[in-house]
Amino acid sequence: MSPTDFDVEYVAELARIRLTPDEIETFRSQLGQVLEHVARLNEVDVSQVEPMAHSFPVYNVFREDEPRASLDRELALSNAPRQAQGLFIVTKVVE
Amino acid sequence: MEITSLTVHEIQDLLRSRQVSPMEVVEALGHRIETVDPVIHGYLSHDLDRAVLEVQNADVRLPLGGVPISIKDVINVKGHPCGCASKILQGYIAPYDATVVAKLRAAGAIPFGRVNMDEFAMGSSTENSAFGPSRNPWDLTRTPGGSSGGSAAVVAADEAYAALGSDTGGSIRQPAALCGCVGLKPTYGRVSRFGLVAFASSLDQIGPLTKDVRDAAILMNVIAGPDPCDSTSVNEPVPDFAADLEKGVKGLKVGLPKEYFVKGLDPQVETTVRAAIVHLESLGAEVIEISLPHTEHALSTYYIIAPAEASANLARFDGVRYGFRAKEVNGLLDHYGKTRGEGFGAEVKRRIILGTYVLSSGYYDAYYLRAQKVRTLIRQDFATAFEKVDTIVCPTSPTPAFKLGERTGDPLSMYLADIFTLAANMAGICGISIPCGFVEEEGKQLPVGLQILGKEFNECKVLQVAYAYEQSTVWHQAKPQIG
């Protein structure tokens, strides 16, 4: 756990966020400090500890497989920045 | 007497005895907002005409009949905007009701307005709102706390009867403390998250911000309960949360965690909270010193787990199905990068990047997995403590309300604002913040919050202690002079 190899530009790319050069600089130093702080977790002995993802055990919840209404198509499309003929318009994926 | 200064249960009494009409309740709220919101900026928007229409069908016999409840901008109310105080969701109109909103409606309440917050509930001051911060009614140069800072500010400024907020690391309790109102974070799973825009799904809970403890219990009676639409809502019997309010604290064991009275705690806040604990003792509670040994690691654990979950949850904002979409893009990657780069504010971007990093290949075990293990230890700390005590009392926030702009350049110092609240979210337990006095800063009286934590599904005990304290003190009656 060392913040020195933290490449903010690369991680932002993984997260699909385009940063400005200013943001890259600022975030590198700010998040560097945060990573330095969280590195203190290395002091904790966790060798005998189970990880937990949830406060309580989570089980599948089943219901009868009966058809029921879902969100109306028009309503589902109503917030789309671009839509036509009942479909979302996406940016071209293939060349 | 101003109607807007009353609590929900006082309004209900007046409505049921026909001393005021539901229309007067809504109109008084509209006037109050017009008077104080230009300086508080608690609301992002509100639609008085719609509320006037809805109140015409009010049935005052229902549990919340005819009472407008203000809604944090992260909870979906069908037909209302739901923007999470973010540019990326500007113009978004909720296509359905969150379960809590459906429950409010069924109880006769009127879901009202869109209350300001930190963008996507990430922050402790509302300064991360894309639409400007809210101001603390006790001192307009200070923040109301966050992320439910708008909810706390409008309740404290009497421009709401009560509000719903959400709490992922203290976002209900911390602003309630800084604004001098009551804020309850229910046990994880007690209240449905369906229709709450997700920040960190294993930590988020919706809860009430109110003018007194009884109102918090009344709202809990309406919003709690399992929900088929939220598989993490827990199938536990829902009690009458108001049932035990008047039982007092005689014989109850109250734990004082020594790790919460350390360096970084404002001396005036410490004095105030210690006086509150002495008061609880005088009411008959037995105060026992306890230890929560992993407290010092709660902040680090939280700032790995919450951003990790956020980075996954906020992947949905892709500029396709809803929200902002960048113009003039060159291919799909450019579309995503620009949409998210331009649409999200700085803190949201920071947290998504941090979360992506701690989950990324090669770092997962070192950060995320380790944090999940420390989370287990934090949870065990509380489980051990609750074998000895009924509730735990401590400060809600290490400082009173801080100045606008004071911490915005230094994320780590902002994160420290939640140092006393976030462990409860990681353990999944419940907690409340209630007013316990004032400290003076630069000639202004600033509220201090007392945090009372309870075992999972033990909200009744927390409310019982809170009510006993509140009803034997005057702090909850104090009103800010706005302006």
Side-chain angles (χ1 to χ4, degrees), chain A residues 1-2 5-8 10-20 23 26-27 30-31 33-56 58-61 63 71-72 75-83 88-95, chain B residues 91-93 95-96 188-189 202 228 231-232 234 294 296-297 299-301 303-304 311 315 319-325 329 331-338 340-341 344 346 349-350 352-354 356-357 360 366-367 369-377 379 410-412 415 426-428 456:
Chain A
M1 244 169 149
S2 143
D5 54 0
F6 173 60
D7 180 349
V8 68
Y10 170 68
V11 181
E13 200 182 304
L14 289 179
R16 303 288 183 261
I17 294 175
R18 181 78 41 82
L19 299 180
T20 65
E23 283 175 325
T26 320
F27 291 1
Q30 289 172 333
L31 291 175
Q33 280 175 33
V34 174
L35 287 170
E36 219 166 278
H37 187 91
V38 304
R40 291 185 202 167
L41 288 188
N42 283 329
E43 299 162 10
V44 187
D45 177 9
V46 292
S47 52
Q48 305 296 319
V49 186
E50 288 289 315
M52 73 181 252
H54 251 273
S55 312
F56 309 110
V58 178
Y59 304 104
N60 277 334
V61 179
R63 67 170 169 88
L71 199 59
D72 174 79
L75 209 50
L77 284 163
S78 61
N79 283 298
R82 291 184 69 197
Q83 51 131 331
F88 295 110
I89 297 186
V90 298
T91 298
K92 196 171 151 190
V93 181
V94 288
E95 292 304 319
Chain B
Y92 181 86
I93 303 294
Y96 66 96
Y188 183 80
S202 81
S231 63
T232 63
V234 178
H294 295 91
E296 62 167 318
H297 298 296
L299 186 79
S300 300
T301 309
Y303 276 97
I304 292 171
S311 72
V320 173
R321 290 158 299 165
Y322 30 70
F324 170 80
R325 178 182 190 133
V329 298
L332 191 63
L333 279 183
D334 198 41
H335 161 114
Y336 289 145
K338 277 190 183 150
R340 291 161 63 80
F344 288 132
K349 285 188 258 196
R350 271 194 294 268
I352 293 174
I353 291 168
L354 183 59
T356 304
Y357 178 67
S360 64
Y367 288 104
L369 189 63
R370 175 169 280 270
Q372 283 187 309
K373 289 178 178 173
V374 182
R375 185 177 177 185
T376 303
L377 295 172
R379 182 162 201 271
D410 182 359
L412 194 56
Y415 297 170
M426 286 188 289
E456 57 269 17

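What you see is a predicted model; the values in this text were computed from it and never measured. Residue numbering restarts at 1 for every chain, and letters A, B, ... go by the order of the sequence lines.
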Taking all heavy atoms of [X] and all of [Y], pick out the closest pair and write down the distance.
{"X": "A/Val44", "Y": "B/Arg370", "value": "O-NH1, 3.0 Å"}
{"X": "A/Ser55", "Y": "B/Ser202", "value": "OG-O, 4.3 Å"}
{"X": "A/Arg16", "Y": "B/Leu333", "value": "NE-CD2, 3.2 Å"}
{"X": "B/Glu456", "Y": "A/Phe56", "value": "CB-CZ, 3.5 Å"}

Could you look at [X] and say if it's the side chain, the backbone, both or neither that has a heavy atom under 4.5 Å from chain A?
{"X": "B/Arg379", "value": "side chain"}
{"X": "B/Ala371", "value": "both"}
{"X": "B/Val320", "value": "both"}
{"X": "B/Thr232", "value": "side chain"}

Main-chain N/O of [Y] paired with [X] side-chain donor or acceptor, under 3.5 Å:
{"X": "A/Arg63", "Y": "B/Pro228", "value": "no"}
{"X": "A/Asn79", "Y": "B/Gly323", "value": "no"}
{"X": "B/Arg350", "Y": "A/Leu31", "value": "no"}
{"X": "B/Thr376", "Y": "A/Glu50", "value": "yes"}

To the nearest 0.5 Å, what is the distance between [atom1] ([X]) and [atom2] ([Y])?
{"X": "B/Arg375", "Y": "A/His54", "atom1": "CZ", "atom2": "NE2", "result": "7.5 Å"}
{"X": "A/His37", "Y": "B/Tyr415", "atom1": "NE2", "atom2": "OH", "result": "11.0 Å"}
{"X": "A/Asn42", "Y": "B/Tyr367", "atom1": "CG", "atom2": "OH", "result": "8.0 Å"}
{"X": "A/Thr26", "Y": "B/Lys349", "atom1": "OG1", "atom2": "NZ", "result": "10.5 Å"}
{"X": "B/Leu377", "Y": "A/Met52", "atom1": "CG", "atom2": "CE", "result": "10.0 Å"}
{"X": "A/Arg40", "Y": "B/Leu299", "atom1": "CZ", "atom2": "CG", "result": "8.5 Å"}

Mind checking whether [X] and [Y] have side chains closer than 4.5 Å, heavy atoms only?
{"X": "A/Thr91", "Y": "B/Tyr336", "result": "no"}
{"X": "B/Ile304", "Y": "A/Leu41", "result": "yes"}
{"X": "A/Ile17", "Y": "B/Thr356", "result": "no"}
{"X": "B/Asp334", "Y": "A/Arg18", "result": "yes"}
{"X": "B/Ser360", "Y": "A/Val11", "result": "no"}
{"X": "B/His335", "Y": "A/Val90", "result": "no"}

Kindly write out the residues that satisfy side chain to side chain donor-acceptor pair (under 3.5 Å) with B/His297, not counting sequence neighbours, or none if the list is empty.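 Counting only residues at least two positions away or on another chain, B/His297 forms no side chain to side chain donor-acceptor pair (under 3.5 Å).
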Is [X] in contact with chain B via its backbone, its side chain, both, or neither, using a 4.5 Å heavy-atom distance?
{"X": "A/Asp45", "result": "backbone"}
{"X": "A/Glu23", "result": "side chain"}
{"X": "A/Arg82", "result": "both"}

Top of A/Val61, A/Thr20, A/Leu75 for chain B proximity - count of heavy-atom pairs under 4.5 angstrom: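 Among A/Val61, A/Thr20, A/Leu75, the one with the most close pairs to chain B is A/Leu75.
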Are there more than 12 heavy atoms of other residues, nucleotides or ligands under 6.0 Å from atom OH of A/Tyr10?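 12 or below, so no.
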Restricting to ring-ring contact (aromatic ring centres under 6.0 Å, His included), what partner residues turn up for B/Phe324, sequence neighbours left out?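 With sequence neighbours excluded, B/Phe324 shows a ring-ring contact (aromatic ring centres under 6.0 Å, His included) to no residue whatsoever.
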If we define contacts as heavy-atom pairs under 4.5 Å, which of B/Gly337, B/Gly428, B/Gly341 has the most with chain A?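 If we count pairs closer than 4.5 Å to chain A, B/Gly337 comes out on top.
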Among the options B/Leu332, B/Ile353, B/Asp410, B/Leu369, pick out the one with the most heavy-atom pairs lying under 4.5 Å from chain A.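 Looking at each of B/Leu332, B/Ile353, B/Asp410, B/Leu369 in turn, B/Ile353 comes out on top.
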